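If you read the sequence from its start, that first residue is 1, and numbering goes on from there. Everything numeric here is computed off the predicted structure, so don't read it as measured data.
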Amino acid sequence: MRLMGFATGFGALLCVFAGMAYASEDAARSIQVQEIVDLGEEADVLVLGEIHDNPEHHRIQAEVVSKLRPAAIVFEMIPQEREAEVNALRAQGASREALETALAWEESGWPDFALYAQILEAAPQAQIFGAGQPIADVRRAMLEGAAGVFGPDASIYGLDVPLSEEDQAEREAHQAAAHCEALPDDLLPGMVEAQRFRDAGLADAALWARIMTGEGQVVVITGSGHADRVTGMPAMIELADPETTVVSIGMFEDGTSADENYDAVLSAPAPSRSDPCEVFDDRTE
């Protein structure tokens, strides 16, 4: 991936419920917006987890980046191959509509572009980096394993090291729950590999953004599952470059557990939405 040649300097769709993560024994403390800003000021990389269709999460993210003015923002939702075009359009003062068209947003499967456009507009000075991986590569990772698809940099992020039996079982159980217990058991290992592949892509983009901005501050916009400090991209950043300071915030909704693997969590009201498990019910009828 992007860090090929920089290894020495750095340490020698799939989820329906993208905001879910793993529980830990110690509850992360609840936090307010200004506290996110205060924590983020000391971070090289600030990871802002989200539930993708929650408008309040995106409003908060926009407020945080407006106050922090990071050098770069990494978006899970923006394909890596589109980031140069996005930055060029932003430099030209392009409209929301132009950016949405350039990103082929309507076909992307992500929620309303306006949710993310407000984050882009809140930090006009920030360089944008895309961490979205081609769906063909994600599918290959499911079948062939994350390490082989990721390429020569796989070892930087620990993709070449098999998970322990306990960790593998826990991650498979999480994937099963995240997909409404509707997936065949033989698909779960592949789902875990796909998640690891995408986490590594996010970590890679964040570290590359640090390089390209002269070690400027980076904010990462991603699902709260990817923001998990133990199983997600923060752990991979810390493996690749232990000197990089990472702060991870998980954003959830009222009624969900806060005992997650984050530096802090924020809860917001859930929007009105249909039951995401209905899609699986429809397929089995």
Worksheet entry | Chi angles and distances behind the side chain to side chain contact (heavy atoms under 4.5 Å, CB included) call for Tyr262, Asp228 | CA-CA 6 Å; Tyr262 304 93; Asp228 187 293; 4.2 Å; yes
Worksheet item: So Val64 and Val33, side chain to side chain contact (heavy atoms under 4.5 Å, CB included) or not? Walk me through it.
Response: CA-CA 7 Å; Val64 170; Val33 174; 4.2 Å; yes
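Tyr116 and Trp105 have tilted rings, their planes meeting at an angle from 30° to 60° on a 0 to 90° scale.
Between the side chains of Asp254 and Ser267, at least one donor N or O lies within less than 3.5 Å of an accepting N or O. In this model, a donor atom of one side chain and an acceptor atom of the other lie less than 3.5 Å apart for Asp38 and Gln34.
In this structure, Arg210 contributes its side chain and Thr244 its backbone to no donor-acceptor pair below 3.5 Å. Between the Thr101 side chain and the Glu97 main chain, a donor and an acceptor come within less than 3.5 Å of each other. Ser95 contributes a side-chain N or O that, together with a main-chain N or O of Ala98, makes up a donor-acceptor pair within less than 3.5 Å. With hydrogens and angles disregarded, no donor-acceptor distance shorter than 3.5 Å links the side chain of Gln61 to the backbone of Ile119. With hydrogens and angles disregarded, no donor-acceptor distance shorter than 3.5 Å links the side chain of Asp263 to the backbone of Ile249. Remark: side-chain polar atoms of Asn54 are paired, donor with acceptor, to backbone N or O of Pro269 under 3.5 angstrom. Using modelled atom types, one side-chain atom of Glu35 and one backbone atom of Gln32 make a donor-acceptor pair closer than 3.5 Å. Looking at His226, its side chain never comes within 3.5 Å of a backbone N or O of Gln195 through a donor-acceptor pair. Panel note: side chain Asn87, backbone Gln127; no donor-acceptor pair is recorded below 3.5 Å.
Residue-environment remark: CD (Gln125) exceeds the threshold of 12 foreign heavy atoms within 6.0 Å. Within 6.0 Å of atom CD in Glu181, more than 12 heavy atoms from other residues, nucleotides or ligands are found, so the atom counts as buried in its surroundings. For Glu106, the CD atom sits in a loose shell: 12 or fewer heavy atoms of surrounding residues, nucleotides or ligands are nearer than 6.0 Å.
Under the side chain to side chain contact (heavy atoms under 4.5 Å, CB included) rule, Arg198 has a single partner from Met233, Glu76, Glu193, which is Glu76. In summary, of the residues considered (Leu202, Thr222, Ile221, Val74), a side chain to side chain contact (heavy atoms under 4.5 Å, CB included) with Val47 occurs for Thr222 alone.
Counting heavy atoms from C-beta on, the side chains of Arg196 and Leu163 come closer than 4.5 Å. Counting heavy atoms from C-beta on, the side chains of Asp167 and Arg171 come closer than 4.5 Å. With a 4.5 Å cut-off on side-chain heavy atoms, Glu172 and Met191 do not count as touching. Between Leu115 and Pro55, the closest side-chain pair of non-hydrogen atoms falls below 4.5 Å. Contact of the Leu103 side chain with the Phe75 side chain is not registered, since no non-hydrogen atoms from C-beta on lie closer than 4.5 Å. Taking the side chain as every heavy atom from C-beta outward, Leu143 and Arg139 never approach each other to under 4.5 Å. Counting heavy atoms from C-beta on, the side chains of Gln175 and Val192 come closer than 4.5 Å. The closest side-chain heavy-atom distance from Met251 to Glu56 is not below 4.5 Å.
For Glu83 and Arg2, the salt-bridge test passes: some basic side-chain N is under 4.0 Å from an acidic carboxylate O.
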